[in-house]
Amino acid sequence: YRLGVGDAIQVVLTGQVEQAYAVDVRRDGTVLLPNIGGVPVAGLTLEAARGLVRSRAGRAYSGVSEGKTSVDLTVTKLRSNQVRVIGEVERPGAYQVSGLSTVFHAIARAGGPSARGSFRNIEVRRGGQLIKRVDLYDYLIKGDATSDIRTEHGDLLFVPPAMRNVTVQGAMRREGIFELKEKEGFRELMLFAGGLLPTAATNRIH
């Protein structure tokens, strides 16, 4: 998680100095801490921000550099981001999501892909640039969420029409309609459908 404008954090000094400061990340990306001054934290991970605040606090409190005062930083309130979900989804529009929300969460807020929408080729655009293509099958069928990414304020998620839909019926573990990418075929279709049941007549597949 990277800090940004709208996040609220708490900085706690313990030991030789006992202080606690609850501050918001300001529009210029800094937090203003008494006796320490402005510290630019926007865009930093929590660990990086903690290290920077500790370094700046060492200039104001000698006990920090001497190891007699410890500095900790925690997030007390997450900012909300606005993302737009458009294309073949049930409820296209702009959504306010948590700073921790991912592409999966945002697509779910929009009701998921429609009957015509693609589950396999969701585009994530940031600042006018395509930064990621997300395949929901990785998570829905394989339980793998590694392709999912966190959304940021202003992101545009576009769900295009499905590529190739194939209906699977009969003695399969998972009947349904599945979407195949350009180079995928029968082998991938069987994987998505969970494989054949023991009672399936493998010589009579149509």
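These numbers were taken from a predicted model, which means no experiment stands behind them.
Here the shortest heavy-atom pairing between A106 and T151 reads CB-CG2, 4.5 Å. Closest approach of F158 to G87, counting heavy atoms only: CE1-CA, 3.8 Å. Closest of all the heavy-atom pairs between A193 and F178 is CA-CZ, 4.0 Å. The heavy-atom pair separating S118 from P113 by the smallest distance is O-CG, 3.8 Å. Taking each heavy atom of G4 and V25 in turn, the nearest pair found is O-CB, 3.4 Å. Annotation for A8 and D24: closest pair CB-OD1, 3.2 Å, computed over non-hydrogen atoms.
Between the side chain of E175 and the backbone N or O of G170 there is at least one donor-acceptor pair closer than 3.5 Å. One N or O on the side chain of E179 and one on the backbone of F119 form a donor-acceptor pair closer than 3.5 Å. Between the side chain of R174 and the backbone N or O of V168, no donor-acceptor pair lies under 3.5 Å.
A distance of 10.5 Å separates CZ in R120 from CG in N165, rounded to the nearest 0.5 Å. From I107, atom CD1 reaches atom CG of L157 across 5.0 Å, with rounding to the nearest 0.5 Å. Separating the CG atom in L136 from the CG atom in N121 is a distance of 10.5 Å, to the nearest 0.5 Å. If you take CZ on R2 and OG1 on T45, they are separated by 6.0 Å, rounding to the nearest 0.5 Å. For the atom pair L189 CG and M172 CE, the distance stands at 6.5 Å (nearest 0.5 Å). A distance of 7.0 Å separates NE2 in H105 from CG in D148, rounded to the nearest 0.5 Å.
Within 6.0 Å of atom CZ in R84, 12 or fewer heavy atoms from other residues, nucleotides or ligands are found, so the atom counts as exposed in its surroundings. For E18, the CD atom is densely surrounded, since the number of other residues' heavy atoms within 6.0 Å is greater than 12.
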Output, in order, the C-alpha distance, side-chain angles, deciding distance and verdict of side-chain contact (heavy atoms from CB on, under 4.5 Å) for V166 and F186. CA-CA 10 Å; V166 180; F186 188 75; over 6 Å; no
V75 and L3: CA distance, side-chain angles, deciding distance, side-chain contact (heavy atoms from CB on, under 4.5 Å) verdict: CA-CA 9 Å; V75 178; L3 295 171; 3.7 Å; yes
How far apart are the C-alpha atoms of R109 and V97, what are their side-chain angles, what is the distance that settles it, and do they pass the side-chain contact (heavy atoms from CB on, under 4.5 Å) test? CA-CA 9 Å; R109 285 285 304 277; V97 296; 4.0 Å; yes
Starting from the C-alpha separation in whole Å, work towards a yes-or-no answer on side-chain contact (heavy atoms from CB on, under 4.5 Å) for K181 and M163. CA-CA 6 Å; K181 291 183 177 180; M163 291 172 278; 3.7 Å; yes
Can you list the steps and then say if T14 with S70 is a side chain to side chain donor-acceptor pair (under 3.5 Å)? CA-CA 5 Å; T14 55; S70 62; 2.6 Å; yes
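For Y137, the ring-ring contact (aromatic ring centres under 6.0 Å, His included) criterion is met by F192, not counting sequence neighbours.
Hydrophobic clustering of Ile, Leu, Val, Met, Phe, Trp and Tyr side chains at less than 4.5 Å, counting indirect connections, unites L180 with I205. In the hydrophobic clustering of ILVMFWY residues, with side-chain heavy atoms under 4.5 Å counting as a link, I131 and V103 come out together. L46 is not connected to I149 by any chain of hydrophobic side-chain contacts under 4.5 Å among Ile, Leu, Val, Met, Phe, Trp and Tyr, and they are in different clusters. Criterion: ILVMFWY side-chain heavy atoms under 4.5 Å apart, direct or through other members. Under it, L32 and L13 are not part of a common hydrophobic cluster. V5 is not connected to V11 by any chain of hydrophobic side-chain contacts under 4.5 Å among Ile, Leu, Val, Met, Phe, Trp and Tyr, and they are in different clusters.
Here the side chains of L197 and R173 are in contact, with some heavy-atom distance below 4.5 Å. For the pair R150 and Y1, the minimum side-chain heavy-atom distance is below 4.5 Å. Contact check for V39 versus L33: side-chain heavy atoms found under the 4.5 Å cut-off. You'll find the side chain of R56 reaches within 4.5 Å of the side chain of P40, heavy atoms only. For the pair V71/R50, no side-chain contact is recorded, criterion being any heavy-atom separation below 4.5 Å from C-beta on. Residues T146 and D138 fail the side-chain proximity criterion, which asks for heavy atoms closer than 4.5 Å.
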